[in-house]
Protein chains: 2
Amino acid sequence: MVTTRHQRSTQKMLPCSALGEVRVDQVLRALGEPVRLEIVRALARAEQPMNCGAFGLTVSKSTSTHHFKVLRESGIIAQYDEGTARYSELRTTELEQRFPGLLTAVLTAE
Amino acid sequence: MVTTRHQRSTQKMLPCSALGEVRVDQVLRALGEPVRLEIVRALARAEQPMNCGAFGLTVSKSTSTHHFKVLRESGIIAQYDEGTARYSELRTTELEQRFPGLLTAVLTAE
DNA sequence: GGCCTTGTACGATTAATATCGTACTAACCG
DNA sequence: CGGTTAGTACGATATTAATCGTACAAGGCC
């Protein structure tokens, strides 16, 4: 069974932007970068949280960290720590509520 | 009656990217810039071609030219010349075909 | 022709972003 | 404790992108 966000609330959730404060151009900018789009697509395929190392990105660790941070600050993903790993998940529901159809359209594309 | 694209085909259409060759991240990047998003929104509201001067942009002429070029090269707008004016229009249909729901979602946002 | 309008082209500058390496922290395992 | 794992933080660099000013081109008008 997949752990839900609520169950994790006692754990180390990292601060992520309230989606109400995020503008759409910020989200588009965040998604308009190949590495970050790859991350988002992988999360969508997985349908469950993934730890940062599991993406098989071809960039350095520090560059990965940077991209995850951009995604988190633009409200696209949430992250929490578990042991030495940091897990990321798509904020699918919140995104859909704030920008209806956007994530679906981006994931559908091509 | 609104002039269609076909009727203008004998005029000076500028080369714009074939949408088949445009990747979604390029489109997202193009839309993720406030001035360009403003242009796209104005075109959507107008529902007809607008000349570049009609947008009331607060940037210089050369900067405008740059942004229109980015939008054109990413397949989002088409442009044609008429007299001394250059008109832009959204490639609504082609965009919808290539990236279903994307433009609508972006225009709906907020 | 001269002049205004509309917009481009080019080059320079500045600002933003992507990238990396190194040093570091925290959790776990022996 | 020391070593390993997973990832961050910081500082540097390199690349990309936004911005502008000036010079230019083409159409329309007198």
Side-chain angles (χ1 to χ4, degrees), chain A residues 8 10-17 22-23 25-40 42-43 46 49-74 76-89, chain B residues 8 10-17 22-23 25-40 42-43 46 49-74 76-89:
Chain A
R8 279 197 304 269
T10 54
Q11 301 179 14
K12 302 137 211 175
M13 292 301 295
L14 283 106
C16 58
S17 302
V22 176
R23 280 170 312 156
D25 58 283
Q26 192 183 342
V27 172
L28 294 170
R29 213 185 195 82
L31 294 172
E33 203 284 330
V35 175
R36 291 195 289 261
L37 193 49
E38 188 183 341
I39 292 172
V40 169
L43 285 173
M50 287 174 71
N51 70 3
C52 300
F55 292 86
L57 302 177
T58 54
V59 295
S60 72
K61 282 202 300 175
S62 39
T63 301
S64 292
T65 297
H66 164 69
H67 286 309
F68 281 107
K69 188 175 179 185
V70 171
L71 287 172
R72 194 173 24 136
E73 292 182 343
S74 59
I76 297 169
I77 66 170
Q79 295 186 301
Y80 63 95
D81 289 335
E82 214 169 80
T84 66
R86 172 161 297 188
Y87 287 84
S88 303
E89 62 184 344
Chain B
R8 280 199 302 270
T10 54
Q11 302 179 14
K12 301 137 212 176
M13 292 301 295
L14 282 105
C16 56
S17 303
V22 176
R23 280 169 314 154
D25 58 283
Q26 192 182 342
V27 172
L28 295 170
R29 212 186 196 82
L31 293 172
E33 203 285 330
V35 175
R36 291 195 289 261
L37 192 51
E38 188 184 340
I39 292 171
V40 169
L43 285 173
M50 287 173 69
N51 72 0
C52 300
F55 291 86
L57 302 177
T58 55
V59 294
S60 73
K61 283 202 301 177
S62 38
T63 301
S64 291
T65 297
H66 165 69
H67 286 310
F68 281 107
K69 189 175 178 184
V70 171
L71 286 172
R72 199 181 57 230
E73 291 182 342
S74 59
I76 297 169
I77 65 171
Q79 296 186 302
Y80 63 96
D81 290 336
E82 213 168 80
T84 65
R86 173 161 296 187
Y87 287 84
S88 303
E89 61 184 345

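Throughout, protein chains are lettered first and strands after them, A, B, ... in sequence-line order, and every chain is numbered starting at 1.
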Where is the tightest heavy-atom contact between B:Arg86 and B:Asp81, given as atom of each residue plus distance? NE-OD1, 2.8 Å
Taking 5' to 3' order, which nucleotide of DNA chain C is first and which is last to have an atom within less than 4.0 Å of a heavy atom in chain A? C:dT17 to C:dC28
Numerically ordered, the residues 57-67 of chain B set in heavy-atom contact under 4.0 Å with DNA chain D is B:Val59, B:Ser60, B:Ser62, B:Thr63, B:His66, B:His67
Using side-chain contact (heavy atoms from CB on, under 4.5 Å) as the criterion, list what pairs up with B:Ser60, not counting sequence neighbours. B:Ser62, B:Thr63
Please tabulate, for side-chain N and O atoms in residues 66-73 of chain A, each donor-acceptor pair with protein atoms closer than 3.5 Å (sequence neighbours left out).
| unit_1 | atom_1 | unit_2 | atom_2 | d |
| --- | --- | --- | --- | --- |
| A:His67 | ND1 | A:Arg36 | NH1 | 3.1 |
| A:Arg72 | NE | A:Gln79 | OE1 | 3.0 |

Scanning both residues in full, the closest heavy-atom pair of B:Met13 with B:Ala78 reads CE-CB, 4.3 Å
Kindly state which residues belonging to residues 28-40 of chain B come within less than 4.0 angstrom of DNA chain D, counting heavy atoms of the residue only, listed by number. B:Arg29, B:Glu33, B:Arg36
Please report, rounded to the nearest Å, how far the C1' atom of D:dT8 is from the CZ atom of A:Arg72. 10 Å
In whole Å, I'd like the distance from the CG atom of B:Asp81 to the P atom of D:dG28. 11 Å
Heavy-atom pair with the smallest gap, counting every atom of B:Ser74 and B:Val22: O-CG1, 3.4 Å
CE of B:Met50 to CZ of B:Phe55: how many Å apart, nearest 0.5 Å? 4.0 Å
List, with names and distances, any nitrogen or oxygen atoms from the protein found under 3.5 Å away from nitrogen or oxygen atoms belonging to nucleotides 25-27 of chain D.
none

Nearest-Å distance for atom pair CG/P, residues A:Leu71 and D:dG7: 15 Å
Identified side chain to side chain contact (heavy atoms under 4.5 Å, CB included) counterpart of A:Leu31 within the set B:Leu28, B:Val27, B:Leu31, B:Asp25: B:Leu28
To the nearest 0.5 Å, tell me how far A:Glu82 CD sits from A:Tyr80 OH. 5.0 Å
Considering all heavy atoms, the nearest A:Val59-A:Ser64 contact: CG2-OG, 3.7 Å
